[in-house]
Novice: 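Before we start, here is the structure in question, set down as structure tokens.
The figures here come from the full heavy-atom set of this structure, side chains too, leaving out hydrogens, waters and symmetry mates.
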Amino acid sequence: MSSLQPAQLVEQLHRGDPRSVARAISLVEDQSDVGASIMQGLDQQRLDEALTVGITGPPGAGKSTLTGALIHHLRQQKIRVGIIAVDPSSPLTHGALLGDRIRMMDHALDQDVVVRSMATRGRLGGVCAAAGAAMRIMAASGCRVILVETVGIGQSEMDIASLADITVLVLAPGFGDEIQAMKAGILEVVDLLVINKADMPGAQKLLFDLGKGLRASDQVLQTCASEKQGTADLLTRLLSLEKMLRQEQKLQQRRLCSLRQETVDWSLELFKKRLTALVHAQHCTGIDPRVAAEQLLNRVIPG
Ligand SMILES: Nc1nc2c(ncn2[C@@H]2O[C@H](COP(=O)(O)OP(=O)(O)O)[C@@H](O)[C@H]2O)c(=O)[nH]1
Ligand SMILES: [Mg+2]
């Protein structure tokens, strides 16, 4: 497999071969030149047709369970689905967060459920860049819907989730502190708010507490993901939102915006690598680092 030419790899992933999908994503993550040429060879029509959905929210709110339910409904409709789980906190849980649940739900042998975990090892910017590529690779492999689960409610997790076409925020009763910490600004980039664990006491109070942060146009949905209650409705809403965004040309705008953001992320990633090498190769004795940085940057991007 390692000796495979980019064109062959692209051909195999276009046929839906899961190993080629995994390999292509790894090559992009490793910032290899092969990765870059793979990205240029992807079937544009499939990229256009796919829908990406970012699912974010505090740990324990039920994102993975909800993702599992969505996979179930999508597979019932014979729709091929991709799942990307981004875990910013710990490389140790690599693959475990979502993988366990997927296995539990018997999708492990299903060739039309493509799963990928991405651990950040403290470099969220890098994952941000690679996550977009992973979404496109899955789309090119025939995934009609790609779900991206991010753990956490910080700005960086939101950045990743909002690379997707549609962003869903999952909350649950009992997460009052997280919600207080998160409120400012985050609801603005969310398309759909899901109050999960609607079977638990406090769901109504949560809705009430959120009230002030919500706009009249905000879509709020209550689910009980563990019982797959309300989750088919969530899928219906996602697909009708997609339809609306396409009709109003808004999907195109969102994608353009995401591509720009990814370009910034990639530039920073590649820049950092080259810059570090350059600085270490220089004999800059006695210059204040702040001044040295300014001089160096002026050579690349005059301010
Ligand atoms: N009561 C109840 N529990 C749920 C529901 N959805 C998920 N859970 C449970 O909540 C816990 C955390 O769910 P998980 O999907 O791993 O959350 P994540 O960290 O956001 O991905 C698990 O024990 C789930 O079984 C729900 O709708 N109702
Ligand atoms: Mg999870």
Novice: Looking only at heavy atoms, what is the nearest atom pair of Ser141 and Arg46, with distance?
Specialist: C-NH1, 3.7 Å

Novice: Quick one: do Arg23 and Asp17 make a salt bridge, cutoff under 4.0 Å?
Specialist: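 Salt bridge between Arg23 and Asp17, a charged N being under 4.0 Å from a carboxylate O: no.
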
Novice: Testing the basics here: between Ala50 and Ala139, what is the closest heavy-atom pair and its distance to 0.1 Å?
Specialist: CB-CB, 3.5 Å

Novice: To the nearest 0.5 angstrom, please state how far the CZ atom of Arg75 sits from the CG atom of Asp112.
Specialist: 4.5 Å

Novice: Ile137 pairs by side-chain contact (heavy atoms from CB on, under 4.5 Å) with which of Leu27, Val10, Val28?
Specialist: Val28

Novice: In Å and rounded to the nearest 0.5 Å, what is the CG to CG distance from Asn196 to Leu171?
Specialist: 9.5 Å

Novice: Checking Thr56 against Thr150 for the side-chain hydrogen bond (donor to acceptor under 3.5 Å, both in side chains) test, could you report, in this order, the C-alpha distance in whole Å, the side-chain angles of both residues, the deciding distance, and whether it holds?
Specialist: CA-CA 5 Å; Thr56 189; Thr150 58; 3.1 Å; yes

Novice: Should the pair Arg255-Glu262 be classified as a salt bridge under the 4.0 Å nitrogen-to-oxygen rule?
Specialist: no

Novice: Side chains of Val145 and Leu238: closer than 4.5 Å at any heavy-atom pair?
Specialist: no

Novice: What verdict does the side-chain hydrogen bond (donor to acceptor under 3.5 Å, both in side chains) test give for Gln45 and Glu49, after you've listed the backbone C-alpha separation in whole Å, the side-chain angles of each residue and the deciding distance to 0.1 Å?
Specialist: CA-CA 6 Å; Gln45 194 180 341; Glu49 283 168 3; 2.9 Å; yes

Novice: Around Asp33, counting heavy atoms of other residues, nucleotides and ligands shown, do more than 12 lie under 6.0 Å from its CG?
Specialist: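 12 or below, so no.
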
Novice: Quick check: closest heavy atoms across Gln219 and Leu241, and the distance to 0.1 Å?
Specialist: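 Minimum heavy-atom contact is NE2-CD1, 4.3 Å.
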
Novice: Can a donor-acceptor pair be found, under 3.5 Å and without considering hydrogens, that links the side chain of Ser20 to the backbone of Gly16?
Specialist: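 No; zero donor-acceptor contacts below 3.5 Å.
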
Novice: Atom CZ of Phe271 and atom CG of Leu278: how far apart are they, to the nearest 0.5 Å?
Specialist: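 Taking CZ in Phe271 and CG in Leu278, the distance rounds to 9.0 Å.
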
Novice: Take Arg299 and Glu294, measure what salt bridge (charged side-chain N to carboxylate O under 4.0 Å, His left out) needs, and give me the verdict at the end.
Specialist: CA-CA 9 Å; Arg299 276 164 49 193; Glu294 194 77 42; over 6 Å; no

Novice: Taking all atoms of both residues into account, what is the closest heavy-atom pair of Lys63 and Pro58, and its distance?
Specialist: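 It is NZ-O, 2.9 Å.
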
Novice: About how many Å separate OG1 of Thr167 and CG of Leu192, when rounded to the nearest 0.5 Å?
Specialist: 9.5 Å

Novice: Between CG of Leu221 and CG of Leu193, what distance do you get to the nearest 0.5 Å?
Specialist: 9.0 Å

Novice: Rounded at 0.5 Å granularity, tell me how far CG in Asp199 sits from CD in Gln222.
Specialist: 10.5 Å

Novice: Dump the intermediate steps for salt bridge (charged side-chain N to carboxylate O under 4.0 Å, His left out) on Lys250 and Asp165, then the final yes or no.
Specialist: CA-CA 10 Å; Lys250 284 186 182 152; Asp165 299 324; over 6 Å; no

Novice: Should we say atom CD of Gln111 is surrounded by more than 12 heavy atoms from elsewhere, each under 6.0 Å from it?
Specialist: no

Novice: Linking I/L/V/M/F/W/Y whenever any side-chain heavy atoms sit under 4.5 Å apart, do Met244 and Leu251 land together?
Specialist: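 They do share one cluster, since a chain of ILVMFWY contacts under 4.5 Å joins Met244 to Leu251.
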
Novice: Does any donor atom in the side chain of Ser64 or Glu149 lie under 3.5 Å from an acceptor atom in the other side chain?
Specialist: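 Looking only at side-chain atoms, Glu149 and Ser64 do form a donor-acceptor pair, the distance falling under 3.5 Å.
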
Novice: Would you say that more than 12 heavy atoms from the other residues, nucleotides or ligands in this model lie under 6.0 Å from the CZ of Arg290, or not?
Specialist: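 Count not over threshold, so no.
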
Novice: Testing the 3.5 Å rule here: is there a donor-acceptor pair between the side chains of Thr231 and His73?
Specialist: yes

Novice: Going by side-chain hydrogen bond (donor to acceptor under 3.5 Å, both in side chains), Arg246 matches just one of Glu242, Gln249, Glu248. Which one?
Specialist: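 When Glu242, Gln249, Glu248 are each tested with Arg246, the side-chain hydrogen bond (donor to acceptor under 3.5 Å, both in side chains) holds only for Glu242.
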
